[in-house]
Amino acid sequence: MNVLSRLRRARKALISAGAAVALAAGLQTGISTPSQAAASLPCDIYASGGTPCVAAHSTTRALYASYNGSLYQVRRSSDNTTRNIGVLSAGGYANAAAQDSFCSGTTCVITVIYDQSGRGNNLTQAPGGGAAGGPDNLAVATAAPTMIGGHKAYGVYVAPGTGYRNDHTSGIATGDQAQGMYAVFDGTHYNGGCCFDYGNAETSNNDTGNGHMEAIYFGNIKVWGYGAGNGPWIMADLENGLFSGVNQHYNAGDPTINHRYLTAIVKGEPNHWAIRGGNAQSGGVSTFYSGVRPNVSGYNPMHKEGAIILGIGGDNSKSSAGTFYEGVMTSGYPSDATESSVQAGIVAAGYSTSSGGGAGGSLTPGSSISLRATTSGYTDRYVRHFDDKAITSVINSSSSDLDKNDATWIVHSGLASGSCVSFESRNYPGDYLRHSNYELYRQHNDGSSLFASDATFCPQTGKSGQGTSLASYNYPDRFIRHYDNTVYVASNGGSHDFDSSSSWADDVSWVVSQPWV
Ligand code: AHR
Ligand code: AHR
């Protein structure tokens, strides 16, 4: 393409993308003033910077102003059929309602994350590799609800064991070729397992040696490199090592960074690479490392192979956890200025947890609430503790003080994840609602990570379309459910009687109501 037509194309992209950003800003504020942002959608910006996207993945929005295709595919368990989820309009947000209706009354997993770049670099279920067998698990499609630009959408929730990959790509950097990458993650969802990555890896699913990967890593594993504070950190997975700076181990320049919505960047070119990051909801991105390649054999020159991974290490190590909303890989080394424009566009897109499916607003940490059943015939019953079990009881204004106290819960930011919630007993301070063997109990917080996970629930739109459903943090396809007036975390169909599909959607949908005391 000659310079003039490239400029024309870039200008056209900027104009139409500017309109999309203005639309997003208008939706966010409710005012339809023209946007101040000169930014456009990420891949339009990378293209105008001369470093085009060669892979573009997102379950929440289009990454090109002109993109009007499918973002991802879901498969439902009821009949194993699949459905592509597209955008609401060209260059727009995901059509989450299409997923909700297709998955209503059943559970869905994400089977494909489509590549928007036109190169066919789709991500699908990762096969086994040198470190762990496969195929890996697929993400539960409803496990990472979010709002974006005032619209509901879903991210890719990676529980340990989950992974996506493409070993047969087109246009991705190989050898010592330059590339850039950014991703938006949930900075509060991570762990110390290897390795929640997005980026360039081996085509063989095996560890083929130093320098055979160049991917963004996010989490708090300290086996290789780490940075300031307790983590999590953005690092580069360059194979046989996560790098927080020029060499492995401690690098003070790489800060602990845990914004709820996090922009993470890693890029590399001959004998030079960088780590950058920032808050995907506001401000810019900062540079945490920019300098030469590690001073260890194999990393200079690099030996990139050009496969793409998400949620796993290069050899399919899959003990890691995280949440992915969007990310791209480019051809060429993007300038810091290009990345600043991309970051401005991410901020303008408006990621937010508020009114997360109509649930978040009333589940504000610090507030006291009650949880009312919505199943016909049971709508006068509330979740309460009785001895140490959780059951439902009929509660009304003439109930005893004891019953009212037992049916009142204090909302906390989730003990295991700030994007979810935990429920503390009103009259037994320090006791929380937690599951054990899938049954719910009121128990004292023993400070263990198991307790924190068992006591954390992630709100989303009620499965019946009414109220709020509360997914178990560590069993995200199980939801708080009443069955025979006892409370469980239940899947929609399964081996226990309380997993019964009959009236499941109603039984897992709760109205968050006023506290009784
Ligand atoms: O570099 C860290 C990890 O080490 C890689 O992701 C994996 O391939 C190897 O186990
Ligand atoms: O929890 C009360 C009822 O018990 C539920 O609605 C039903 O699933 C079960 O029969």
Side-chain angles (χ1 to χ4, degrees), residues 55 123 125-137 156 158-169 172-176 179 181 183 185 190-227 231-251 254 264-268 273-275 288-289 293-322 324 327 329:
L123 295 173
Q125 187 166 32
D136 296 356
N137 296 332
V156 182
V158 173
T162 308
Y164 294 83
R165 192 167 195 127
N166 186 330
D167 288 330
H168 305 280
T169 60
I172 304 297
T174 56
D176 206 28
Q179 69 166 5
M181 297 168 288
F185 298 136
Y190 58 89
N191 73 3
C194 173
C195 289
F196 180 73
D197 288 351
Y198 173 71
N200 196 322
E202 291 94 341
T203 53
S204 62
N205 314 310
N206 293 317
D207 176 350
T208 50
N210 294 357
H212 284 248
M213 296 178 62
E214 187 173 71
I216 307 170
Y217 164 83
F218 179 67
N220 67 345
I221 193 169
K222 289 181 80 169
V223 171
W224 294 283
Y226 56 97
W233 304 281
I234 302 166
M235 296 192 271
D237 191 341
L238 304 179
E239 189 50 280
N240 295 317
L242 303 176
F243 289 81
S244 53
V246 63
N247 285 312
Q248 290 185 35
H249 309 301
Y250 177 62
N251 287 292
D254 199 25
I265 291 173
V266 167
K267 54 183 170 177
W273 67 284
I275 306 174
F288 304 144
Y289 176 74
R293 291 290 183 184
N295 182 21
V296 179
S297 155
Y299 297 109
N300 185 28
M302 292 286 283
H303 307 278
K304 291 173 231 186
E305 296 191 21
I308 308 173
I309 50 172
L310 172 61
I312 49 178
D315 58 5
N316 195 42
S317 296
K318 55 176 177 181
S319 315
S320 40
F324 172 93
M329 299 172 71

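For ligands, and for the atoms within them, numbers begin at 1 and follow the listed sequence.
- The shell of residues lying under 4.0 angstrom from ligand 1, judged by heavy atoms, includes M213.
- Inclusion of N240 in the set of residues having an N or O under 3.5 Å from an N or O of ligand 1 is warranted.
- Residues forming a salt bridge (charged side-chain N to carboxylate O under 4.0 Å, His left out) with D167 (at least two apart in sequence, or on another chain): R165.
- By the 3.5 Å distance cut-off applied to N or O atoms, D315 is counted among the residues near ligand 1.
- Atoms of ligand 1 found under 4.0 Å from any heavy atom of G314, numbered from 1 in the order shown, are 5 (C), 6 (O), 7 (C), 8 (O).
- When heavy-atom distances to ligand 1 are checked against a 4.0 Å cut-off, A131 has no atom that comes that close, whether in backbone or side chain.
- For ligand 1, the polar-atom distance check against G313 finds no nitrogen or oxygen pair separated by under 3.5 Å.
- Those atoms of ligand 1 with a heavy atom of C194 less than 4.0 angstrom away are 3 (C).
- No side-chain heavy atom of Y289 sits less than 4.5 Å from a side-chain heavy atom of M235.
- Proximity of G241 to ligand 1 is established by a heavy-atom distance of less than 4.0 Å.
- Under the 4.0 angstrom criterion for non-hydrogen atoms, Y217 is not in contact with ligand 1.
- Side-chain contact of T208 with N206: a donor-acceptor pair under 3.5 Å is absent, judged by distance alone.
- Polar contact with ligand 1: absent for D207 (N/O pair, distance under 3.5 Å).
- Of all atoms in ligand 1, numbered sequentially from 1 with element shown, those under 4.0 Å from a heavy atom of S317 are 10 (O).
- Residues F243 and Y217 have side chains not in contact (no heavy-atom distance under 4.5 Å, counting atoms from C-beta outward).
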